[in-house]
Amino acid sequence: MQSHFDSLRSELCKICRSLLRVKKLHALAIRSHLSEDPFYATQIIRQYAANGDVKSAHHVFDKTPTRSVFLWNSLIRAYAQAHRFRNAFDLFNNMLTTNTRPDNFTYSCIIRACSENFDCSSLRLVHGRALVSGLGSDSICGSALVTAYSKLGLVNEASGVFNGIPEPDSVLWNSLISGYGYSGLCDKGVQTFNAMRRGGKKPDGYTIVGLLLSVADSILLRIGHGIHGLSLKHGFDSNSHVVSLLVNMYSRCKCMTSAYKVFESIFQPDLVTWSALIAGYSQTGDYLKALLFFRELNMKGEKADTILISSVLASIAQSANAGPGREIHGYVLRNGLGSDVMVSSALVDMYSKCGFLHSGNRVFELMPKQNVISYNSIISGLGLHGCAFECFRMFNKMLNKGVVPDESTFSALLCACCHADLVQDGGELFRRMKYEFDIEPRPEHYVYMVKLLGSAGELDEAYNLIQSLPEPVDKGILGALLSCCNSCGNSDLAETIAHRLFESNPNDNVYRVMLSNIYASDGRWDDVKKMRDNMTGDQRKVPGLSRIEG
DNA sequence: GTAGGGTTAG
């Protein structure tokens with residue numbers, strides 16, 4: 001405990017020393033009559049901003065009578081980096097009323113702020129102003145625009161900006177490649193990369209990262225291998241961004257052997273790379289390895305941060321063994337991370353999935369501020385424990401607090417209705433989701449509705465719901481109805497649904513097994529045999545193993 | 001001006 005306080009005190013001292021240095025520098029500039037010089041004032045603003053003291057930075061700005069474009073840019077950037085977007089925009093608007101014209105760096109800073117604030121209309125407005133100012137073919141402004149549009153999901157607009165710039169530099173090429181990466185457009189990314197090479201531009205670490213971003217499925221593993229080869233060829237394998245993304249790419253492709261090989265090849269992996277490996281094991285279901293590597297990291301004396309702790313808690317939730325979760329909860333409290341919304345939400349989920357709903361509830365109630373994810377975690381936990389009416393109360397509390405529900409909130413609520421067989425409540429929530437909250441139902445919402453209707457014996461209603469959907473209907477939704485036909489003993493409807501599933505999933509024997517079971521319960525043994533004879537491949541089941549940890 | 005890890009949806 002003592003060493004923990006020592007380390008906190010040392011961190012605090014470092015911050016104070018750094019801020020003290022800036023204040024001393026500022027005082028010195030005042031004494032030397034340099035504080036009103038825009039050059040020195042800009043440097044001091046930057047130093048205050050780097051130490052998180054935007055108020056003092058603004059004070060220096062106010063006291064500087066001659067305001068250069070650098071001075072304006074430094075304060076706008078200070079506000080943008082502190083996520084105080086309103087202040088940054090106001091300052092930008094004030095700047096427009098002065099004789100100091102914003103330059104390409106002012107625009108790029110404010111463009112980035114628009115995308116970080118998910119403010120598409122302001123982005124378009126700023127883009128228009130940049131064009132009027134004659135910055136339409138400026139690479140610096142252009143790369144910020146390409147990135148901003150891509151991050152808001154408007155990749156076509158991003159490529160429009162790119163095409164408007166006659167001689168793109170490497171940064172602009174990289175911005176477009178990353179834009180396709182964020183959008184999951186792997187082919188487009190590779191095409192742009194080839195065009196970049198034809199244009200005589202050399203790839204760098206940013207290029208490789210941009211390309212790797214879209215490789216998120218094992219179908220694309222061949223392309224991932226190719227990009228990996230390219231990064232080795234160009235010597236980017238020691239670039240920490242490239243390395244962590246390679247680990248992440250192999251994890252997303254469910255190829256943990258390769259992910260580990262990359263990790264193992266690095267001399268000193270940083271926290272992000274450790275985190276990518278641990279999250280990879282966690283997300284591919286290998287929670288034991290995830291925990292093992294978390295312990296190894298701790299043994300090295302490295303400090304885990306909130307992102308890493310959240311990943312590890314997700315692993316523990318899968319393991320359904322609260323012991324290590326409690327240990328990590330202790331670590332969280334000792335390190336003052338208990339007020340972090342991401343960590344607390346992961347704790348709520350971990351406790352409820354490990355069977356300790358009360359502990360999860362307590363963490364939830366002690367959170368200084370809850371967001372949509374924390375509410376989703378507690379609603380899901382309550383639903384999992386069969387407390388449907390508690391879920392509804394929590395949902396109302398969430399609405400009263402002004403927290404806007406999302407798709408996952410309704411997944412958790414509908415799931416709770418399924419657990420408690422509340423058909424009418426489920427139907428009402430499904431309607432509210434669509435019409436009151438304007439959320440388009442996703443396949444899992446239909447799965448819950450079909451399960452709800454089916455388990456209440458309302459198979460026709462469930463079938464009508466499916467018939468209202470455009471083709472191709474998700475196999476999970478059809479599978480849910482097939483399963484309900486089994487419990488209700490409706491073999492006619494089961495045949496119709498099963499044949500739709502056979503057509504779209506000819507190699508998936510699970511639906512043949514389901515239909516044959518329905519035939520069996522009807523005593524239609526000839527049909528059972530036919531169905532079993534139609535199966536492909538090896539049908540032997542691997543025996544399951546269970547374990548309970550005390 | 002461009003790049004990396006994250007919590008909920010059983």
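Among the heavy atoms of the strands, none lies under 4.0 Å from F364(A). Across all strands, G205(A) comes closer than 4.0 Å to base atoms (heavy-atom distances). Nucleic acid contact for T409(A): none, since no nucleic acid atom lies under 4.0 Å from a heavy atom of the residue. When heavy atoms are screened at a 4.0 angstrom cut-off, L271(A) is found touching base atoms of the nucleic acid. Counting any heavy atom pair closer than 4.0 Å across all strands shown, S345(A) reaches a base atom. Residue-level contact check: Q318(A) touches neither bases nor backbone, having no heavy atom under 4.0 Å from any strand. Among the heavy atoms of the strands lying under 4.0 Å from A314(A) are primed sugar atoms or P, OP1, OP2 only; no base atom is included. No engagement by N104(A) is indicated, since no non-hydrogen atom pair under 4.0 Å with the nucleic acid exists. Here T306(A) lies out of heavy-atom contact (under 4.0 Å) with every strand. If you check every strand for non-hydrogen atoms under 4.0 Å, R442(A) touches a base.
Counting only heavy atoms from C-beta on, A346(A) has its side chain closest to dT7(B) among dG5(B), dT7(B), dA3(B). Of the candidate nucleotides dA9(B), dT7(B), dG6(B), dA9(B) has the atom nearest to the side chain of S408(A). The side chain of D169(A) lies closest to dG1(B) when the candidates are dT7(B), dG1(B), dG4(B). Residue S139(A) has its side chain nearest to dG1(B) when only dT8(B), dG1(B), dT7(B) are considered. The nucleotide whose nearest atom lies closest to any side-chain atom of V272(A) is, among dT8(B), dG5(B), dG1(B), dG5(B). You'll find that the side chain of Y206(A) is closest to dT2(B), out of dG5(B), dT2(B), dT8(B). Looking at the side chain of N239(A), the nearest of the listed nucleotides dA3(B), dG1(B), dT7(B) is dA3(B). Residue I307(A) places its side chain closer to dG5(B) than to any other of dG5(B), dG1(B), dT8(B).
When only modelled atom types and interatomic distance are considered, S374(A) and N371(A) share a side-chain donor-acceptor pair under 3.5 Å.
Under 4.0 angstrom from either OP1 or OP2 of dA9(B) there lies at least one side-chain N or O belonging to K353(A). Look at S178(A) and you won't find any side-chain N or O under 4.0 angstrom from OP1 or OP2 of dT2(B). Between Q283(A) and the phosphate of dG5(B), there is no side-chain N or O to OP1/OP2 separation shorter than 4.0 Å.
Tested against R442(A), the residues E440(A), H445(A), E444(A) include a single side-chain hydrogen bond (donor to acceptor under 3.5 Å, both in side chains) partner, E444(A).
Identified under the salt bridge (Lys or Arg N to Asp or Glu O under 4.0 Å) test for residues 246-265 of chain A, with sequence neighbours left out: none. Counting only residues at least two apart or on different chains, no salt bridge (Lys or Arg N to Asp or Glu O under 4.0 Å) pair has a member in residues 190-218 of chain A.
The base of dG4(B) lies close enough to the side chain of D270(A) for a donor and an acceptor atom to sit less than 3.5 Å apart. For dG4(B), its base sits under 3.5 Å from the side chain of S244(A) at one donor and acceptor pair at least.
Residues E365(A) and R362(A) are not paired through a salt bridge, judged by the lack of any N-O separation under 4.0 Å between the basic side chain and the carboxylate.
Taking atom CH2 of W274(A) as the reference point, atom C1' of dG6(B) lies 18 Å away to the nearest angstrom. One can place NE2 of H241(A) at 6 Å from C1' of dA3(B), the figure rounded to the nearest angstrom. The distance between atom CZ of R252(A) and atom C1' of dG4(B), rounded to the nearest whole Å, is 10 Å. The OH-C1' distance, from Y446(A) to dA9(B), rounds to 17 Å in whole Å. Rounded to an integer number of Å, the gap from CD1 of I111(A) to P of dG1(B) is 11 Å. E302(A) has its CD atom 19 Å from the P atom of dG5(B), to the nearest Å. Whole-Å rounding puts the I378(A) CD1 to dA9(B) C1' distance at 15 Å. Between the CE atom of M196(A) and the P atom of dT2(B) there is a distance of 15 Å, rounded to whole Å.
For D406(A), the side-chain contact (heavy atoms from CB on, under 4.5 Å) test picks out V372(A), N376(A), S408(A), T409(A), with sequence neighbours left out. The side-chain contact (heavy atoms from CB on, under 4.5 Å) search around H419(A) returns C415(A), not counting sequence neighbours. Judged as a side-chain hydrogen bond (donor to acceptor under 3.5 Å, both in side chains), and not counting sequence neighbours, the contacts of R112(A) are E116(A).
A heavy atom lying under 4.0 Å from DNA chain B marks the following residues of residues 142-151 of chain A, by number: S143(A), T147(A), K151(A).
Aromatic ring pairs are classed by plane angle as parallel below 30°, tilted from 30° to 60° and perpendicular above 60°; the pair W173(A) and F162(A) is perpendicular.
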